[in-house]
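Structure first, then comments.
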Amino acid sequence: MSHHHYVHRAREAKRKQQYRLKSNFESGQWNVNAVMMGGLGRDPELSSSEEDLESLTHKGICTDKSVQERLCSIWNRLHFLPAQQIDMAVKYSSEDFSGHLNTALDAWEQACAAIEKREEVLVELQSFEEAASDPARFFARGHLGSSVARLEEAKQRDKLHQALDQRGQEVSQIIRKIFSQYGDQVSYNGRFYQEKMSYDRTEMLYWLQQERRKEVLKPAIRTLHIELPPI
């Protein structure tokens with residue numbers, strides 16, 4: 001991908017995002033962005049910092065194909081929003097940060113790897129809890145319904161929680177490093193990851209509880225023709 005096309009694609013993604021914000025309509029709600037982002041009847045304008053993307057062509061930093069590939073890989077792995085991609089490209093192409101680009105990308109790639117490992121454990125914990133939260137297992141015959149099976153479940157649960165805690169500590173360490181050295185907050189899918197770690201385990205368990213509740217109430221729902229509120 002040429003650098004010109006790379007910059008053009010990033011700017012167009014940002015422009016489309018701003019257009020969605022400006023044209024958003026909700027009944028009974030005034031969208032202040034309709035006026036603040038370029039005025040009525042006009043497309044939103046990119047800010048001066050976003051226009052600075054054009055100057056990246058002349059800096060010889062993000063024109064490097066390997067750097068582009070590393071940046072795109074980080075953005076994809078952390079599910080960066082278009083605005084975040086632009087902000088990061090502009091920041092690390094500035095004179096203040098251009099000399100630290102490779103070491104900064106090294107740190108970001110370490111963050112990607114640490115977060116991916118933690119997310120894998122979180123998925124494993126979710127799969128485990130989906131089976132372990134099934135009340136039918138208490139009435140199963142043989143080993144599955146025995147107290148021995150419950151003890152095994154408890155040990156496996158503790159093991160997964162310990163693994164999640166350990167992965168979380170590793171993520172926190174690299175996140176703190178990136179913030180202290182480069183002033184960046186590491187996010188994942190648009191959410192600050194340090195904050196996500198404080199809540200995602202509880203959120204996952206709550207979601208499973210609500211899904212189980214919905215399954216239990218399905219017969220009554222079909223009989224009474226009622227709708228459960230969204231989770």
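All heavy atoms count here, side chains included; hydrogens, waters and symmetry mates do not.
- Phe179 is not connected to Ile115 by any chain of hydrophobic side-chain contacts under 4.5 Å among Ile, Leu, Val, Met, Phe, Trp and Tyr, and they are in different clusters.
- Leu160 and Tyr199 fall into different hydrophobic clusters, where Ile, Leu, Val, Met, Phe, Trp and Tyr residues are linked whenever their side-chain heavy atoms come under 4.5 Å apart, directly or through other members.
- Leu208 and Gln126 make their closest contact through CD1-O, 4.0 Å (heavy atoms, listed as atom of the first residue, atom of the second, distance).
- Note on Lys159 versus Glu152: no salt bridge recorded, every NZ/NE/NH1/NH2 to OD/OE distance being 4.0 Å or above.
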Exercise for the section: List the steps and the verdict of salt bridge (Lys or Arg N to Asp or Glu O under 4.0 Å) for Lys196 and Glu203. Expected result: CA-CA 10 Å; Lys196 179 182 183 296; Glu203 291 168 349; over 6 Å; no
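- Rounding to the nearest 0.5 Å places SG of Cys72 at 8.0 Å from CD of Glu69.
- Met204 contributes atom CE, which lies 5.0 Å from atom CG of Leu122 (distance to the nearest 0.5 angstrom).
- At least one side-chain heavy atom of Arg70 sits under 4.5 Å from a side-chain heavy atom of Asp106.
- Put simply, NZ on Lys91 and OG on Ser93 are 12.0 Å apart, with the number rounded to the nearest 0.5 Å.
- The salt bridge (Lys or Arg N to Asp or Glu O under 4.0 Å) contacts involving residues 170-182 comprise Arg167-Glu170, where partners must be two or more places apart or lie in separate chains.
- Contact check on Arg118 versus Asp165 returns no salt bridge, with no Lys/Arg side-chain nitrogen under 4.0 Å from an Asp/Glu carboxylate oxygen.
- Under 3.5 Å, the side chains of Tyr193 and Glu119 contain a donor-acceptor pair of N or O atoms.
- One finds the CG atom of Leu78 at 8.5 Å from the CE atom of Met88 (value rounded to the nearest 0.5 Å).
- A distance of 4.5 Å separates CD1 of Ile174 from CD of Gln110, quoted to the nearest 0.5 Å.
- The line from CD of Gln166 to NZ of Lys117 is 10.0 Å long, rounded to the nearest 0.5 Å.
- The heavy-atom pair separating Tyr182 from Ala107 by the smallest distance is CE1-CB, 4.3 Å.
- Side-chain atoms of Tyr206 and Gln210, non-hydrogen and from C-beta on, do get closer than 4.5 Å to each other.
- Residues forming a ring-ring contact (aromatic ring centres under 6.0 Å, His included) with Phe192 (at least two apart in sequence, or on another chain): none.
- The nearest pair of heavy atoms linking Ala111 to Ile178 is CB-CD1, 3.9 Å.
- Side-chain contact between Ile74 and Arg77 is absent, with no heavy atoms from C-beta onward closer than 4.5 Å.
- Here the shortest heavy-atom pairing between Gly190 and Ser187 reads C-CB, 4.4 Å.
- In this pair, Trp75 and Phe80 present their aromatic rings parallel. The plane angle is below 30°, not in the 30 to 60° band.
- Between Tyr92 and Asp184, the side chains place a donor N or O and an acceptor N or O closer than 3.5 Å (distance only, hydrogens not considered).
- The 12-atom threshold is not exceeded at CD of Gln173, counting heavy atoms of other residues, nucleotides or ligands nearer than 6.0 Å.
- Val123 and Val121 are not part of a single hydrophobic cluster, where members link through side-chain heavy atoms under 4.5 Å apart.
- The backbone N or O of His100 sits less than 3.5 Å from a side-chain atom of Thr103, completing a donor-acceptor pair.
- Nearest heavy atoms, Gln185 versus Trp108: O-CH2, 4.2 Å.
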